[in-house]
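Reckoned from all heavy atoms, side chains included, excluding hydrogens, waters and symmetry mates. Numbering of residues begins at 1 and proceeds along the displayed sequence. Read the numbers this way: they start at 1 and go in the same order the structure lists the ligands and their atoms.
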Amino acid sequence: MISRVFLAGWLTVWVFCFSIAEGKVEYKVIGPSMPVTAEEKDDVVLQCHVEPELDVTNETVEWKLQDKLVYRYRSRTDDPDFQDPKFKGRTSLFLKEMVQGNVSLKLTNITEEDAGNYTCKVLKRKAQVTLNVGKVDPGHQEEDLEKVSTVKSGHRIYVVTIVIFIIFSVISRIFLWKCTVRNETAGQSQEHESKVLPGPGSDAEPRGSPLRHRSSGNSTTSPT
Ligand SMILES: *[C@@H]1O[C@H](CO)[C@@H](O)[C@H](O)[C@H]1NC(C)=O
Ligand SMILES: *[C@@H]1O[C@H](CO)[C@@H](O)[C@H](O)[C@H]1NC(C)=O
Ligand SMILES: *[C@@H]1O[C@H](CO)[C@@H](O)[C@H](O)[C@H]1NC(C)=O
Ligand SMILES: *[C@@H]1O[C@H](CO)[C@@H](O)[C@H](O)[C@H]1NC(C)=O
């Protein structure tokens, strides 16, 4: 009985995994949950990535500050056309990281004018990154970011666990109920069999075949 419950559990997990793999994957573009703060002349990385991981080296990536084009990547290379002159020679993506869906932008030698809301666009989806240029204790900022991201991932694991648990218990209940019903009918048909065919005659029918037991159980009304 215990092994059946385990089997039901494994089935549940597999069905769950397959439904995720088969279903249409919904990609999200994610930026940092907190503004990025830097000082003038610093280099900054504006974080942005696709979730779940996806090779985006063949996609178009666009970074904008309000309506100014900060950076565009197209046809597997930098596309300097229409780039705002203020950003010329100061922008780059991490090409190796793009295989994992990471389209973070490196912006060098920043000025006060660079401050504002950036949008990162890939796969027709957008994320926003706010850049503050000024003087704020950077250690404090990082600490806050870490806290937020742990809370978020913790929450997700919690939800997934509950969903798996619910599916697991429902399926194991159905399984257990089916097993009980089958055992009862099997028991009945065995009783019946021994009444109708006593002695060595019953050897002709092999035991342990559930299909046979079930079919003989159904024909209780016509034993002759
Ligand atoms: C990107 O395009 C190249 C050539 O067009 C192709 O060989 C490669 O498999 C593509 N990669 C992805 C991840 O789609
Ligand atoms: C993306 O790449 C940058 C630069 O290597 C790195 O700092 C950042 O952590 C990466 N982000 C993700 C989500 O992997
Ligand atoms: C940074 O930008 C300033 C102008 O905003 C320029 O004078 C300076 O040379 C730049 N520094 C580097 C390392 O490019
Ligand atoms: C940036 O976006 C935030 C909301 O996400 C908004 O409160 C703020 O005013 C925006 N800043 C600028 C310069 O547009």
What does the N/O contact table under 3.5 Å look like for ligand 3?
{"from": "ligand 3", "atom 1": "2 (O)", "to": "Asn109", "atom 2": "OD1", "distance (Å)": "3.4"}
{"from": "ligand 3", "atom 1": "2 (O)", "to": "Asn109", "atom 2": "ND2", "distance (Å)": "2.3"}
{"from": "ligand 3", "atom 1": "11 (N)", "to": "Asn109", "atom 2": "ND2", "distance (Å)": "2.7"}
{"from": "ligand 3", "atom 1": "14 (O)", "to": "Asn109", "atom 2": "ND2", "distance (Å)": "3.2"}

Could you list the donor-acceptor pairs under 3.5 angstrom formed by side chains in residues 119-128, with sequence neighbours left out?
{"from": "Arg125", "atom 1": "NE", "to": "Tyr27", "atom 2": "O", "distance (Å)": "2.8"}
{"from": "Arg125", "atom 1": "NH1", "to": "Leu123", "atom 2": "O", "distance (Å)": "2.6"}
{"from": "Arg125", "atom 1": "NH2", "to": "Glu26", "atom 2": "OE2", "distance (Å)": "3.2"}

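Ligand 4 has a nitrogen or oxygen under 3.5 angstrom from a nitrogen or oxygen of Gln128. Between His49 and ligand 2, no pair of N/O atoms sits closer than 3.5 Å. Between Gln66 and ligand 4, no N or O atom pair is found at a separation short of 3.5 Å. In terms of N/O distances under 3.5 Å, ligand 2 is approached by Asn102.
Close approach of ligand 2 to Ser104 (heavy-atom distance below 4.0 Å) involves ligand atoms 1 (C). Residue Phe94 approaches ligand 2 through these ligand atoms, each under 4.0 Å from one of its heavy atoms: 4 (C), 5 (O). Heavy-atom contacts of Gln47 reach the following atoms of ligand 2: 7 (O), 8 (C), 9 (O), 10 (C), 11 (N) (cutoff under 4.0 Å).
For Lys88, the NZ atom sits in a packed shell: over 12 heavy atoms of surrounding residues, nucleotides or ligands are nearer than 6.0 Å.
Looking only at distances, no side-chain donor or acceptor of Asp78 sits under 3.5 Å from a matching main-chain atom of Pro80. Between the Asp84 side chain and the Lys86 main chain, a donor and an acceptor come within less than 3.5 Å of each other. When atom types are taken as modelled, the side chain of Asn117 and the backbone of Thr130 share no donor-acceptor pair closer than 3.5 angstrom. Under a 3.5 Å cut-off, the side chain of Ser104 and the backbone N or O of Cys48 do form a donor-acceptor pair.
Contacts between Lys106 and ligand 2 below 4.0 angstrom, taking non-hydrogen atoms only, are absent altogether.
With 3.5 Å as the limit, one finds no donor-acceptor pair spanning the side chains of Gln47 and His49.
Within the 4.5 Å cutoff, the side chain of Val45 has heavy atoms near those of the Phe94 side chain.
Here salt bridge (charged side-chain N to carboxylate O under 4.0 Å, His left out) pairs that include residues 58-71, with residues two or more places apart or in two chains, are Glu62-Arg72. Sorted by first and then second residue, the disulfide bond (SG atoms under 2.5 Å apart) pairs involving residues 60-111 (not counting sequence neighbours) form an empty list.
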